[in-house]
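Written out below as structure tokens is the structure these notes cover.
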Amino acid sequence: MTIQRDGDDVVWDGWRNPDEDEVGLPAFRFEAQEYQREVERATADRSWEWPARTVARLLEQDLRERTDWLARWECELGAVSAWPWEPAQVNVFLFHPGRSAVKEDHPWLQFRMILAVSGDDPADQADRLAAQLVAADPRRAAEVCGGSPEFARQLGYPWPQRRRA
């Protein structure tokens with residue numbers, strides 16, 4: 001769909017579905033100020049988060065504010081995530097030498113760090129994990145999880161062996 005402002009309204013229209021030729025939904029109109037209040041309310045609602053998701057959100061916020069912590073290792077933060085099917089861990093993804101290498105067709109790798117999360121206060125855990133991460137080269141604690149075997153060779157890293165099920 002397309003979301004656009006139309007005077008004092010926000011309009012959802014132009015519904016699309018890649019699996020259907022036509023989507024029979026009408027345009028929906030919302031009063032813009034009420035719409036904005038609801039977006040702000042939904043954005044602030046953290047009641048759905050489980051502890052690892054809260055740690056991931058706080059950790060990513062902290063790490064993104066530290067703009068230079070990865071530069072000395074030629075890395076860039078990709079994402080910090082927590083997945084419902086792995087409720088006791090946080091995943092930190094990094095790009096080396098940076099995400100721009102992907103676009104420029106230069107050798108690049110993606111690294112993944114898996115960090116354990118406990119039932120302790122999420123803010124305390126995020127602070128502790130951030131301090132731990134910025135203290136050392138994160139590539140040493142991470143595993144290559146993206147790029148290519150050739151890029152790994154060019155950048156001096158082992159390519160991970162596939163795990164057999």
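- Connection of Ile114 to Leu94 is not established within any shared hydrophobic cluster, with ILVMFWY side chains joined at heavy-atom distances below 4.5 Å, either directly or through further cluster members.
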Does the pair Trp83 and Asn91 meet the rule for a side chain to side chain contact (heavy atoms under 4.5 Å, CB included), with working shown?
CA-CA 9 Å; Trp83 299 322; Asn91 304 283; 3.5 Å; yes
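- The shortest heavy-atom contact between Ser81 and Phe93 is OG-CE1, 3.7 Å.
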Trace of the salt bridge (Lys or Arg N to Asp or Glu O under 4.0 Å) decision for Arg29 with Asp13:
CA-CA 9 Å; Arg29 297 184 85 80; Asp13 198 8; over 6 Å; no
Is there a salt bridge (Lys or Arg N to Asp or Glu O under 4.0 Å) between Glu40 and Arg37? Walk through the geometry before answering.
CA-CA 5 Å; Glu40 290 169 3; Arg37 281 192 301 274; over 6 Å; no
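- Residue Asp105 qualifies as open at atom CG: its count of foreign heavy atoms under 6.0 Å is 12 or below.
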Tell me, with the steps shown, if Val134 and Arg66 meet side chain to side chain contact (heavy atoms under 4.5 Å, CB included).
CA-CA 9 Å; Val134 301; Arg66 299 174 191 243; 3.5 Å; yes
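- Using a 4.5 Å heavy-atom cutoff, the side chains of Trp69 and Leu63 are in contact.
- Atom CZ of Arg5 is surrounded by more than 12 heavy atoms from other residues, nucleotides or ligands within 6.0 Å.
- Val23 and Met1 fall within a single hydrophobic cluster, where Ile, Leu, Val, Met, Phe, Trp and Tyr side chains are chained together by heavy-atom contacts under 4.5 Å.
- Side-chain atoms of Glu31 come within 3.5 Å of backbone N or O of Glu34 as a donor-acceptor pair.
- The aromatic rings of Phe28 and Phe30 lie parallel to each other, their planes meeting at an angle below 30°, with 60° marking the opposite boundary.
- The pair Asp137-Arg72 fails the salt-bridge criterion, with no side-chain N (NZ, NE, NH1 or NH2) lying under 4.0 Å from an Asp/Glu carboxylate O.
- For the residue pair Gln89/Glu86, the side-chain donor-acceptor check at 3.5 Å is satisfied.
- Judged by distance alone, with hydrogens and angles left aside, the side-chain atoms of Asn17 form a donor-acceptor pair with the main-chain N or O of Asp19 at under 3.5 Å.
- With rounding to the nearest 0.5 Å, the separation of CZ in Arg46 from CZ in Arg53 is 7.5 Å.
- Distance alone, capped at 3.5 Å, is enough to place a donor-acceptor pair between the Asp121 side chain and the Asp124 backbone.
- Counting heavy-atom neighbours within 6.0 Å of Glu150 CD, excluding the residue itself, gives a total above 12.
- Minimum interatomic distance between Leu58 and Ala126 (heavy atoms only, all atoms of both residues): CB-CB, 3.7 Å.
- Contact between Gln125 and Ala116 at its shortest, heavy atoms only, is OE1-O, 4.5 Å.
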Taking it one step at a time, do Trp50 and Val55 satisfy side chain to side chain contact (heavy atoms under 4.5 Å, CB included)?
CA-CA 9 Å; Trp50 60 99; Val55 171; over 6 Å; no
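- Here the closest heavy-atom approach between residue Arg112 and residue Cys145 is recorded as CB-SG, 3.7 Å.
- No more than 12 heavy atoms of other residues, nucleotides or ligands sit less than 6.0 Å from atom CD of Gln33.
- Arg16 contributes a side-chain N or O that, together with a main-chain N or O of Gly14, makes up a donor-acceptor pair within less than 3.5 Å.
- The two atoms that bring Glu76 and Ser100 nearest to each other are OE1-N, 4.3 Å, heavy atoms only.
- Among the candidates Tyr157, Trp73, Phe151, the single residue satisfying the ring-ring contact (aromatic ring centres under 6.0 Å, His included) test with His96 is Tyr157.
- Rounded to the nearest 0.5 Å, atoms CG (Asp127) and CD (Gln132) are 12.5 Å apart.
- Ring planes of Trp12 and Trp15: perpendicular class, angle over 60° (limits at 30 and 60°).
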Determine, stepwise, if the pair Leu59 / Leu133 fulfils side chain to side chain contact (heavy atoms under 4.5 Å, CB included).
CA-CA 10 Å; Leu59 180 58; Leu133 288 172; 4.2 Å; yes
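- For the atom pair CG (Leu155) and NE2 (His106), the distance works out to 11.5 Å, reported to the nearest 0.5 Å.
- Listed for the Arg99 side chain is a donor-acceptor partner under 3.5 Å among the backbone atoms of Leu77.
- The two residues Leu70 and Pro138 come nearest to each other via the heavy atoms CD2-CG, 3.6 Å.
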